[in-house]
Amino acid sequence: MEAYKTWVRRNKDYVHSLESLANGLTWLLPERFSTSEIGPEAVTAILGIVTAVNEHIIDTTPRERHPGSADPSSFPYGLCISALKDLETLVEVVAEQYYGDKKWNFIAVTEAIKVIVRLALFRNSGYKMLLHGGETPNVEKSSDYTGSQHRIGGFPRPGGHHHGAGLLQNNHGSNTWTIEGRALSALSRFGESARMVSNPVWFQRIQQQHAIMAPPTSVIKRPTLSMILSEKGVNGALFVLGEILFITRPLIYVLFIRRYGIRSWIPWFLSLGVDFIGFGFLSHVTKSRMVEREQWLHLSASEKDEVKRRKLLWALYLMREPFFSKYTRQKLESTERLLEPVPLIGTLTSKLVELIMGAQTRYTYMSGS
């Protein structure tokens, strides 16, 4: 396995090219697979898992990891979630072919496993927002990392300030390329030299021993739930509850489909309500100005992108039953008939509608999980 990891890390571009080629070749599978979806879905799932494994190997390359990234020896939550998502479609296709409507039992088990893994990741990350459902690690990038030491999960520590130093700055924060910067740098070196001369050797040794024995200041204690609740109060509780609702929403949706059926409005409205409540909690703690400043939730750039992504996922409700059968299908068919006489555009529209109709029949394509 170590030999394979070394090969992947040394041939990243070649590996990515092979993966793209393999994914493209899935469109050229023999016609004998057309009678069953199991074959194509199995190939797609295997390729997806292999791609996820390779990406995990590349991302955990020691020399490329930045401060705050996941330890390669820790449990690969992102890889596990990616593999489960790739397998879920295959599980749905196999269960539907052999068990019919009982497929929802198998889908519910798969969703339950994903919920457990995501909740474990949520706790292990210090209750940070999950990016892409946990597939992407939520770590501070290089420019944001210096400020991450003053954060508790997504919340800034009270009194925390950003002291990041530039690449061409000395320890006084001055640019060494300017005249003032060179002067300050020279004065600093002169002061350090004078202090070393004035201090006796035994005192310098004591200082060195204290420096060695002192614990590193860069180690950040992982925030716990009790720490967030005690320091952030209601806002901390709302943020955690909102993330838990986002994580468990797909499982709630599947369980109610299993109980009431795919054509019932109850699962649709319940899932939409859970999404709205969870996002409402997040909006409250990020935009509320009725609480102390220390209790605001400050989102990083990647977390803001994640919020936008979650908003876009609401469009999937237009593709879920029973809304799709009642409203969306009619709009798609009328658009197809309207554009059918137009050369090229009519053909493309017909293919697009056909693709949407096929994807809509699969829960895993429309789940947004």
Side-chain angles (χ1 to χ4, degrees), residues 16-17 19-49 51-52 82 84-97 103-104 107 110-111 132-133 135-136 249-250 253-254 257 261-265 267-269 271-272 275 305-369:
H16 289 155
S17 299
E19 291 169 353
S20 300
L21 178 61
N23 287 323
L25 290 177
T26 57
W27 294 90
L28 304 177
L29 289 174
E31 287 295 328
R32 63 176 178 273
F33 287 120
S34 60
T35 57
S36 174
E37 294 184 60
I38 296 179
E41 291 296 346
V43 174
T44 303
I46 293 173
L47 288 176
I49 294 174
T51 300
S82 298
L84 285 172
K85 291 183 68 174
D86 289 324
L87 284 174
E88 190 172 29
T89 305
L90 179 60
V91 169
E92 179 182 3
V93 171
V94 174
E96 183 176 15
Q97 180 164 334
K103 70 175 184 178
W104 296 109
I107 297 176
T110 308
E111 288 291 355
H132 293 89
E135 294 182 77
T136 303
R249 196 274 311 163
Y253 181 53
V254 170
I257 289 178
I262 191 66
R263 300 290 181 178
S264 173
W265 283 99
W268 192 90
F269 276 113
S271 177
L272 182 62
D275 265 339
D305 292 337
E306 171 64 16
V307 172
K308 296 177 183 177
R309 188 189 74 89
R310 294 183 184 183
K311 289 182 180 179
L312 292 175
L313 289 178
W314 290 352
L316 291 177
Y317 281 98
L318 303 177
M319 306 302 299
R320 293 172 185 161
E321 295 290 355
F323 191 94
F324 180 82
S325 297
K326 296 287 185 178
Y327 305 102
T328 308
R329 181 191 294 272
Q330 299 174 6
K331 297 296 182 181
L332 289 175
E333 291 176 349
S334 61
T335 302
E336 182 181 9
R337 287 194 299 268
L338 180 64
L339 297 178
E340 186 177 5
V342 181
L344 185 61
I345 296 180
T347 304
L348 293 177
T349 303
S350 178
K351 294 294 184 182
L352 179 60
V353 171
E354 182 182 352
L355 180 63
I356 293 175
M357 295 290 189
Q360 190 275 333
T361 60
R362 291 281 165 243
Y363 158 80
T364 46
Y365 295 158
M366 299 292 116
S367 65
S369 62

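Only heavy atoms go into these numbers, but all of them, side chains included; no hydrogens, no water, no symmetry mates.
The distance from the NZ atom of K103 to the CD1 atom of I257 is 9.0 Å, given to the nearest 0.5 Å. Between the CD atom in E111 and the CG atom in L84 there is a gap of 9.5 Å [rounded to 0.5 Å]. The CZ atom of R329 lies 7.0 Å from the CD atom of E321; values are rounded to the nearest 0.5 Å. Separation of atoms NZ (K351) and CD (E354) is listed at 5.5 Å; rounding is to 0.5 Å. Here the CD atom belonging to E96 is positioned 8.5 Å from the CH2 atom belonging to W104, to the nearest 0.5 angstrom. Taking CG of L21 as the reference point, atom NE2 of H16 lies at 14.5 Å (rounded to 0.5 Å).
The nearest pair of heavy atoms linking L90 to I38 is CD1-O, 3.9 Å. Residue Y317 comes nearest to R249 through the heavy atom pair OH-CD, 4.1 Å, listed as atom of the first residue, atom of the second, then distance. Nearest heavy atom pair, residue S82 against residue A52, reads CB-CB, 3.9 Å. The shortest heavy-atom contact between E336 and T349 is CA-CG2, 4.1 Å. Scanning all heavy atoms of the two residues, the minimum distance from T328 to L318 falls at OG1-O, 2.5 Å. The shortest heavy-atom contact between P267 and Y253 is O-CD1, 3.4 Å.
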### Task
Kindly determine whether V353 and M357 satisfy side-chain contact (heavy atoms from CB on, under 4.5 Å), including the steps that lead there.
CA-CA 6 Å; V353 171; M357 295 290 189; 4.0 Å; yes
### Query
Going through the distances and angles, do L332 and F324 end up as a side-chain contact (heavy atoms from CB on, under 4.5 Å)?
CA-CA 10 Å; L332 289 175; F324 180 82; 3.9 Å; yes
### Message
Apply salt bridge (Lys or Arg N to Asp or Glu O under 4.0 Å) to residues E306 and R309 and explain how you reach the verdict.
### Response
CA-CA 5 Å; E306 171 64 16; R309 188 189 74 89; 3.0 Å; yes
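The closest donor-acceptor contact from the side chain of S350 to the backbone of G346 lies at 3.5 Å or more, if one exists at all. A donor-acceptor pair under 3.5 Å is formed between the side chain of S334 and the backbone N or O of Q330.
Residues L87 and I49 form a side-chain contact, since some pair of their non-hydrogen atoms from C-beta on lies under 4.5 Å apart.
Taking a 6.0 Å sphere around CG of L352, one finds it holds more than 12 heavy atoms contributed by other residues, nucleotides or ligands.
In this structure, W265 and F323 have perpendicular ring planes: the angle between them is above 60°, well past the 30° mark.
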